[in-house]
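Read the numbers this way: they start at 1 and go in the same order the structure lists the ligands and their atoms.
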Amino acid sequence: MKNKNKAVWGTRFNSATSKIFEKIGASIDIDKRLFEEDILGSIIHAQMLVRQKIITKDKGNKIIKGLKKIRTEIRKNKFHFSKKYEDIHQNIEKRLFSIIGEDAGYLHIARSRNDQVITDFKLWIKKGSEEIVKKLNNLIKSFLKQSETNINTIMPGFTHLKNAQPISFAHYLLAYVEMFKRDKKRFISNINYIDECPLGVGALTGTSYKIDRNFTSKKLGFKKPTNNSIDSVSDRDFALDFLSSASICAMHISRFAEELIIWNSDVFKLIKIDDKMLTGSSIMPQKKNPDPAELIRGRAGKNFGSLQALLTTMKGLPLSYYKDMQEDKALVFHSYDTLLESIIITNELIKSLKPNKERMLALANEGFTTATDFADYLVQNNSLSFREAYKISAKLVNYAEKNKKKLNELNFKEVKKMKKNLNKNVMKVFDVRNSVNLKVSYGGTATKNIKKMIFKLRKEFK
Ligand code: ARG
């Protein structure tokens with residue numbers, strides 16, 4: 001009987017794969033992105049088979065030459081990817097047969113697609129994480145640049161979106177630098193512990209051939225081989241770590257985008273964004289909308305969705321490999337592409353943003369933002385407990401509110417009514433700039449602190 005199934009496993013199959021299954025079963029459109037890693041992994045595997053005398057040098061060289069030819073074909077867009085061969089591994093294997101003939105069949109000794117795919121995927125995620133770290137470095141540098149020019153820009157700091165206490169705009173920007181630094185650390189720590197090579201564990205048990213896993217592991221840039229063959233092919237933690245780090249980073253970016261949208265609103269008017277990062281309306285001629293910021297805020301949902309999807313895929317899977325796991329690549333690639341674009345757009349946004357300094361200063365004086373400073377003054381100069389001082393300051397706020405005055409518009413006579421034995425120098429606490437510069441505790445918003453911090457960060461991000 002003629003064999004109707006063209007797959008690698010066709011010998012045992014009496015009918016061709018159903019068309020509809022071929023459509024969803026084939027992952028080639030997605031996993032062709034792994035071709036560099038897949039070919040590198042195969043070359044190193046072939047080298048190891050030769051070294052261990054499992055295949056002859058002749059065959060090994062022939063295989064490696066063929067693989068390199070395939071790599072050139074793919075790089076030059078001259079490779080025909082076929083759904084019939086399901087995934088990147090089999091597409092390459094089939095092509096190897098057509099280039100070097102039956103000797104291609106020696107390459108798959110002592111390995112399975114199960115260990116092959118995670119080796120490829122781990123290598124790819126390492127590369128992808130390094131790219132994200134690079135882009136985060138650029139982003140941090142742009143935040144530092146914007147901070148440097150805004151050390152003396154005073155704005156209201158918010159809690160509950162109500163004016164809380166005056167801060168420096170630079171200090172606010174440096175808060176995001178801390179967030180992006182943590183994101184960087186997360187991706188770097190993933191890279192460090194992804195560093196175990198699964199190649200050689202076979203389908204799930206290991207192999208009877210005398211392979212050298214230390215050799216392949218080292219050659220592929222891993223620290224060591226994985227310890228347990230079953231865990232190796234079942235594990236997708238490294239993909240989840242990537243997706244989780246991407247989600248947290250996207251969440252940070254989304255918070256920043258949200259702030260820009262609020263600050264750019266006609267109600268706040270705290271910043272101006274360059275026209276190149278705005279769009280118009282098809283009906284309202286006056287409009288300039290912050291679409292890029294809205295898009296990166298919206299797209300964070302895609303990053304979270306990918307994480308949720310893979311967690312859900314994994315949660316019910318017994319050990320070891322199941323086809324369910326094939327979906328992991330689409331999720332990771334999708335999250336990677338989304339995040340990378342979001343980081344780049346955020347970088348454009350921070351560069352194209354100008355604070356409205358007068359408005360920031362004016363708003364910093366709204367909402368009685370120095371009331372806490374007045375309370376602190378009373379503790380420090382009039383020996384009150386903080387709770388007593390708090391009450392006196394609250395009374396002053398009530399008075400100012402009733403008389404429709406800001407705290408910096410009160411005169412000494414009015415302030416003195418709240419507390420006996422007040423020195424006239426109390427009046428300086430109502431100056432927002434003074435308020436900022438009093439916050440000298442480590443990590444506080446005082447100009448002196450910010451300058452030191454920027455200096456330190458500048459050295460870190462040259
Ligand atoms: N394309 C497959 C994947 O990504 C490769 C592993 C296939 N292994 C198997 N036992 N069917 O998961």
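- Note: Y172 and Y176 have perpendicular aromatic rings, judged against thresholds of 30 and 60 degrees for the angle between ring planes.
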Let me check something: any side-chain donor-acceptor pairs from residues 46-57 under 3.5 Å, sequence neighbours excluded? List them with distances.
| unit_1 | atom_1 | unit_2 | atom_2 | d |
| --- | --- | --- | --- | --- |
| Q52 | NE2 | K210 | O | 2.9 |
| T56 | OG1 | K59 | N | 3.2 |

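- Among N264, T279, D275, the one residue that satisfies the side chain to side chain donor-acceptor pair (under 3.5 Å) test with K288 is D275.
- Between Y336 and W124, the ring-plane angle classifies as perpendicular under the 30° and 60° cut-offs.
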For ligand 1, what N or O to protein N or O distances fall under 3.5 Å?
| unit_1 | atom_1 | unit_2 | atom_2 | d |
| --- | --- | --- | --- | --- |
| ligand 1 | 1 (N) | D87 | OD2 | 2.8 |
| ligand 1 | 1 (N) | Q326 | OE1 | 2.7 |
| ligand 1 | 4 (O) | K329 | NZ | 2.7 |
| ligand 1 | 8 (N) | N114 | OD1 | 2.8 |
| ligand 1 | 10 (N) | N114 | OD1 | 3.1 |
| ligand 1 | 11 (N) | R113 | NH2 | 3.3 |
| ligand 1 | 12 (O) | Y321 | OH | 2.3 |

Only pairs under 3.5 Å count here: list side-chain donor-acceptor contacts from residues 99-107, not counting sequence neighbours, and write none if there are none.
| unit_1 | atom_1 | unit_2 | atom_2 | d |
| --- | --- | --- | --- | --- |
| D103 | OD2 | K62 | NZ | 2.9 |

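- Listed by first and then second residue, the side chain to side chain donor-acceptor pair (under 3.5 Å) pairs that reach into residues 347-363 are S142-N347, sequence neighbours excluded.
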